[in-house]
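Predicted, not measured: the structure shown is a model, and the values here were computed from it. If you read the sequence from its start, that first residue is 1, and numbering goes on from there.
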Amino acid sequence: MDIPSLFMIPSAVSSGKVHSVFPNSTDADFDFNRDSDATRVNSEGLIERVGYYSADKITNGDFSTDSDWVKDTGWSISGGKLNFNGTLANNARQAVSGYNTTSDYEVTFDLTIESGGAYIMLGYNALTTRTTSGTYTQQGKFTDSGAFNGFLRIFSTGTSVFSVDNVSIKEVTGNRARLNYEIEGGLVNTKPSLLLEPQSTNLLTYSENFLSSLWTVIPSYTKNAVVTKVNSKNPYGTYESYQYKNVNQGEAQSQLGALVSASIGATYTSSIYIRRVKGTGTITFRNINNGTNDITSQVTSEWKRFTTTATAAGSVARVYINLGTEGDIIEVFGAQLEQQSYATSYIPTNGSTQTRAAETCNGAGTSSILPSEEGILYIETSVIGLTSTLESISISDGTYNNAILFRYFDTSDNQIQYVVRVGSSIVAAINFTLSDALAFNKIALKYKANDFALWANGTQVGTDTSGAMPSGLSTLQLDRGDGNSDFYGKIRDIRVYNTKEMTD
């Protein structure tokens, strides 16, 4: 087989880049962007947060000493915390060394509220006001105006009473693409895939702390469930987990659940990691309408993620785990509720909802790297959810007008489509239905004037023998060429070949 003119297997990434294997030139690298951190499954099968940040720019953010902070009236440092006593709506502040107004900064802090609320300002940019206790992480930019340029300032909302701890601010210097490792048959696949996902929000404010106020035992079963924090290895690989036991004092089952607001008619997907510690009884994972999904036979002593999707019939979304037999014990981790039709990668929360930003990956190649007369685009790929949304991969002139397009046309029916566009008109089109779009499929698009063919998993599945070639092909993008119809899914391999010396 010929050497490809562009070859990317997901093995090398850096800040804002996914690197090609061939040619040995940065012209073949993809530009990557995601305006938040995210999680992946690493080569050890553990969940890992991914993102690039500067060193912490706050000194004494844990308030271990009464130093480094300017405190107005009403503020004090004691007991390892910054405290506000409600006497005046002044602020505590610290100058941030080397700040700028163009970068995003990630701010994290612990907040314990007795009354009122608090918020942080970056210069004169006010971040979200918080009125409940929790750990908060959010991003923002510094704005310059007046005497407090470059200061991080903590404010109260009037005469509030609260304390703050573990304040951190880091410059977001870039974001790393995720090389995700599939867990198949209980084993970690040694070949990673590039994971690209849309924006999504975890609506459960405590995804790991099952002793928080979000998680409660259903009232009629209060006496029959026990949740405890234990020193047990969790999917991060650290030793902290939550154990859930059915003590069954005269009740049929125990129920541990969380309730949040829902929009009637909207689709939600809930997910959670579970492992069995003791027993063989029934375990059910209930969806937002309290529908029962029996997962008994699938729960083992190893951590596994379970998901369920439903359309909300009421204004309350429910996430329940039920144990049906006295003495049964499970451990739970990583609960998530998303307003969409499939589960995305885990989004940790600790006191507030959190959003993972959408990802883009494009801009690989030049006109000298990408063949303009004939070629093959080869992809090994899968989608992450079955939807009717168009998701595209293209070789184009940087627009949607002149492009070689592969797209998941309607994955709710496992349909893919190969389209050639010249001067904004479709000159060739081939449709095919895969057996499973969620599985990895090997797709090849052969293109030459009056000779277009689509191959799937080693078999030619369609041809079109009439149509001109688009001109000016200069970029490979994981969208349709103009920044729309972004591809969301997993990619193990992308190659572009010049076919002049190749046969079918």
Side-chain angles (χ1 to χ4, degrees), residues 15-16 33-37 49 51-176 350-352 354-355 357:
S15 180
N33 183 69
R34 181 186 62 244
D35 292 329
S36 72
D37 68 355
R49 297 186 79 152
Y52 279 105
Y53 304 92
S54 71
D56 199 344
K57 294 181 175 295
I58 287 294
T59 303
N60 192 31
D62 60 358
F63 304 102
S64 57
T65 61
D66 188 0
S67 62
D68 303 293
W69 291 85
V70 178
K71 305 183 296 294
D72 287 342
T73 303
W75 293 87
S76 64
I77 294 177
S78 63
K81 294 184 178 182
L82 174 68
N83 307 291
F84 184 68
N85 65 14
T87 57
L88 289 170
N90 290 333
N91 69 85
R93 57 193 178 273
Q94 184 175 137
V96 176
S97 175
Y99 82 96
N100 65 73
T101 58
T102 57
S103 293
D104 282 316
Y105 289 82
E106 182 174 273
V107 180
T108 302
F109 61 100
D110 295 337
L111 182 64
T112 303
I113 294 280
E114 291 187 31
S115 64
Y119 62 95
I120 281 178
M121 294 189 73
L122 302 180
Y124 281 79
N125 178 18
L127 304 185
T128 305
T129 298
R130 307 296 183 177
T131 57
T132 58
S133 299
T135 298
Y136 295 99
T137 299
Q138 61 190 118
Q139 292 187 0
K141 286 182 169 63
F142 276 92
T143 55
D144 275 353
S145 179
F148 292 109
N149 290 351
F151 276 84
L152 180 145
R153 296 184 290 162
I154 305 173
F155 279 85
S156 71
T157 56
T159 56
S160 307
V161 177
F162 58 84
S163 61
V164 180
D165 199 3
N166 298 319
V167 178
S168 170
I169 180 167
K170 299 178 181 180
E171 182 181 355
V172 181
T173 57
N175 279 296
R176 185 176 58 171
N350 187 18
S352 65
Q354 294 293 329
T355 299

(request) Name all residues meeting the side chain to side chain donor-acceptor pair (under 3.5 Å) criterion together with T355; count only those two or more places apart in sequence or in a different chain, and write none if there are none. (result) T201

(request) Could you tell me whether the side chain of R130 reaches within less than 4.5 Å of the side chain of T128, counting heavy atoms only? (result) yes

(request) Apply the side chain to side chain contact (heavy atoms under 4.5 Å, CB included) test between W75 and each candidate in I154, N83, N85; give the one that qualifies. (result) I154

(request) Could you tell me whether a side-chain N or O of R93 sits under 3.5 Å from a main-chain N or O of K71, the two making a donor and an acceptor? (result) no

(request) Hey, could you give me the CG/NZ distance between L122 and K141, rounded to the nearest 0.5 Å? (result) 11.0 Å

(request) Quick one: closest heavy-atom pair of S156 and F84, and the distance? (result) OG-CE2, 3.2 Å

(message) Salt bridge check, K81 against D110: does any charged N sit closer than 4.0 Å to a carboxylate O?
(response) no

(request) Would you mind reporting whether D144 and Y99 have side-chain heavy atoms less than 4.5 Å apart? (result) yes

(request) Please name the pair of heavy atoms, one in F148 and one in Y124, separated by the smallest distance, quoted to 0.1 Å. (result) CD1-OH, 3.5 Å

(message) Can a donor-acceptor pair be found, under 3.5 Å and without considering hydrogens, that links the side chain of Q94 to the backbone of I58?
(response) no

(message) Between T137 and T108, do the side chains contain a donor N or O and an acceptor N or O under 3.5 Å apart?
(response) yes

(request) First locate atom CG of N166, then atom CG of L111, and finally report the distance between them rounded to the nearest 0.5 Å. (result) 12.0 Å

(request) List the atom of G116, the atom of S160, and the distance in Å for their closest heavy-atom pair. (result) CA-OG, 3.4 Å

(request) For the pair S133 (side chain) and I113 (backbone), establish whether a donor and an acceptor sit closer than 3.5 Å, ignoring hydrogens and angles. (result) yes

(request) Over all heavy atoms of both residues, which pair between D72 and N90 is shortest? Give the atoms and the distance, please. (result) CB-CB, 3.3 Å

(message) Using every non-hydrogen atom in the two residues, find where R34 and S36 come nearest and quote the distance to one decimal.
(response) NE-O, 2.8 Å

(request) Taking the side chain as every heavy atom from C-beta outward, state whether V172 and Y53 have any pair of such atoms under 4.5 Å apart. (result) yes

(request) State, to 0.1 Å, how close D62 and D165 come at their nearest heavy-atom pair, and which atoms those are. (result) O-OD1, 3.3 Å

(request) For residues F162 and T131, determine if any side-chain heavy atom of one lies less than 4.5 Å from a side-chain heavy atom of the other. (result) no

(request) Can you label the angle between the F155 ring and the Y119 ring as parallel, tilted or perpendicular, going by 30° and 60°? (result) parallel

(message) When you compare the side chain of L152 with that of F109, does any pair of heavy atoms fall below 4.5 Å?
(response) no

(request) Go through the side-chain N and O atoms of N125 and T143 and say whether any donor and acceptor fall under 3.5 Å apart. (result) no

(request) Answer yes if the side chains of Q354 and S352 hold a donor-acceptor pair under 3.5 Å, and no otherwise. (result) yes

(message) Under a 3.5 Å distance rule, please check whether N60 uses its side chain to pair with a backbone N or O of S67 as donor and acceptor.
(response) yes

(request) Spell out, as yes or no, whether a donor-acceptor pair under 3.5 Å connects the side chain of D56 to the backbone of I169. (result) yes

(request) Answer whether the closest heavy-atom distance between the side chains of V167 and F63 falls below 4.5 Å. (result) yes

(request) Please round to the nearest 0.5 Å and tell me the distance separating atom CD of E106 and atom CG of D37. (result) 5.5 Å

(request) Apply the test side-chain contact (heavy atoms from CB on, under 4.5 Å) to residues N100 and Y105: give CA-CA distance (whole Å), side-chain angles for both, the deciding distance (0.1 Å), then the verdict. (result) CA-CA 10 Å; N100 65 73; Y105 289 82; 3.4 Å; yes

